[in-house]
Amino acid sequence: MLISFLLAVAANVGAAAPQLYIATETSPPASMLHNRAVIGSSTDKVREIMARSGIAYRIDLLPWKRAYTAALHRSNACVYSTTRTPEREKLFRWIGPLDEAEWVLLALAERGYQFTSIDDARGLRIGTYHGDARDEFLRARGFQVDSAHNDLINPHKLLLNRIDVWAASLRRGSYTIEKNGWSANIVPVLTFRTVQVYLACNKGVPASLAIRMQEALDGMERDGTSRRIERTYAEWEKQAPKNR
């Protein structure tokens with residue numbers, strides 16, 4: 001009797017859902033550090049997904065390359081906000097979309113660039129974020145890229161004429177340019193792609209968990225939770241101080 005009970009307990013422990021390790025980057029208003037806690041519109045969506053799915057988790061804020069590499073190599077890891085591209089499709093289990101983003105080329109206003117396509121940037125030095133989807137996209141197409149380990153280094157490189165344009169990802173509700181006082185000098189010259197971003201999980205995360213997470217997100221879309229989160233952070237980003 002006791003042996004049967006112990007075997008049953010062991011079986012239940014073995015079947016318990018693993019704790020997920022979730023990594024993200026600093027990318028207001030989607031993910032950022034505030035009072036030593038990771039917050040943001042996509043962060044709150046991910047937390048709500050986990051709560052509705054009953055999944056234990058931990059979120060760390062890392063440089064993008066480290067966050068992405070963790071999800072690639074750790075069997076219990078996920079990363080957001082990850083652009084879903086054909087090259088990445090088979091690498092992860094995808095939950096989303098969490099949000100949309102526009103890939104935009106920004107330049108100094110004084111340059112007077114008038115681009116009609118991404119090919120107008122050929123021969124120019126393009127500032128990118130090391131290891132992200134825009135960096136991969138431009139490298140694969142033979143553009144001259146100059147990557148930084150922190151994307152917010154790029155506007156400073158623009159102002160110092162160390163790059164000609166900055167390939168940025170601007171999400172809904174993002175006031176990064178305005179909040180940092182760059183809007184008078186740095187302007188968009190081309191939106192060259194609109195993408196959807198996801199929570200991307202290692203293939204070692206059980207498919208059953210990914211299905212539960214997707215169902216939770218679908219429910220959030222239906223009942224208005226996702227929209228409420230987006231509205232909250234649209235207002236928060238406008239009012240937040242420059243230095244967080």
CE of Met32 to OG1 of Thr24, rounded to nearest 0.5 Å, is 10.5 Å
Are side-chain heavy atoms of Trp103 and Thr191 found at a separation under 4.5 Å?
-> no
Applying salt bridge (charged side-chain N to carboxylate O under 4.0 Å, His left out) to Arg58 and not counting sequence neighbours gives Asp60
- [ ] Kindly indicate whether the side chain of Val195, heavy atoms from C-beta on, has any atom under 4.5 Å from the side chain of Thr85.
- [x] no
Pair Ser117, Arg122: side-chain N/O donor-acceptor within cut-off below 3.5 Å:
no
Please lay out, stage by stage, how Arg231 and Ser226 fare under the test side-chain hydrogen bond (donor to acceptor under 3.5 Å, both in side chains). CA-CA 9 Å; Arg231 286 196 297 270; Ser226 292; over 6 Å; no
Those residues at least two apart in sequence (or on a different chain) that pass salt bridge (charged side-chain N to carboxylate O under 4.0 Å, His left out) with Asp218 are none
Between the CD1 atom in Ile95 and the SG atom in Cys78, the distance rounded to the nearest 0.5 Å is 6.0 Å
Item to check | Sidechain N-carboxylate O distance under 4.0 Å for Glu89, Arg84 | outcome: yes
Practice problem: Find out whether Met50 and Met213 are in side-chain contact, i.e. whether some heavy atom of one side chain is under 4.5 Å from a heavy atom of the other. | Solution: yes
Connected to Phe92, directly or through other members, by ILVMFWY side-chain contacts below 4.5 Å are Trp64, Tyr68, Leu72, Val79, Leu91, Trp94, Tyr129, Tyr198
Show every donor-acceptor pair shorter than 3.5 Å between a side-chain atom in residues 140-147 and any protein atom, with sequence neighbours excluded, or say none if there are none.
{"from": "Arg141", "atom 1": "NH1", "to": "Phe137", "atom 2": "O", "distance (Å)": "3.0"}
{"from": "Asp146", "atom 1": "OD1", "to": "Lys157", "atom 2": "NZ", "distance (Å)": "3.1"}

Distance col, row Asp132:CG vs Ser81:OG, nearest 0.5 angstrom, shows 12.0 Å
Output for pair (Thr82 OG1, Glu25 CD), nearest 0.5 Å, gives 8.5 Å
Minimal heavy-atom distance between Val205 and Leu20, with the atoms involved, is CG2-CD2, 4.0 Å
For Arg88, the salt bridge (charged side-chain N to carboxylate O under 4.0 Å, His left out) test, sequence neighbours excluded, returns Glu136
Check step by step if side chain to side chain contact (heavy atoms under 4.5 Å, CB included) holds for Arg193 and Glu102. CA-CA 6 Å; Arg193 199 173 187 190; Glu102 291 184 333; over 6 Å; no
- Check: Tyr233/Asp44 side-chain N/O donor and acceptor closer than 3.5 Å: yes
Sorted by chain and residue number, the salt bridge (charged side-chain N to carboxylate O under 4.0 Å, His left out) partners of Asp164 (sequence neighbours excluded) come out as Arg111, Arg125
OG1 of Thr69 to CG of Leu62, rounded to nearest 0.5 Å, is 10.0 Å
Requested in this report: May I ask you to test the Glu230-Lys45 pair for a side-chain heavy-atom distance under 4.5 Å?
Outcome: yes
Here the pair of heavy atoms bringing Ala107 nearest to Val189 is CB-CG1, 4.1 Å
To the nearest 0.5 Å, atom CG of Leu98 lies from atom CD of Gln196 at 10.0 Å
| Taking the six-membered ring for Trp, are the ring centroids of Trp182 and His156 within less than 6.0 Å of each other? | yes
Fill in: Residue pair Val187 / Ile177, side-chain heavy-atom distance below 4.5 Å
no
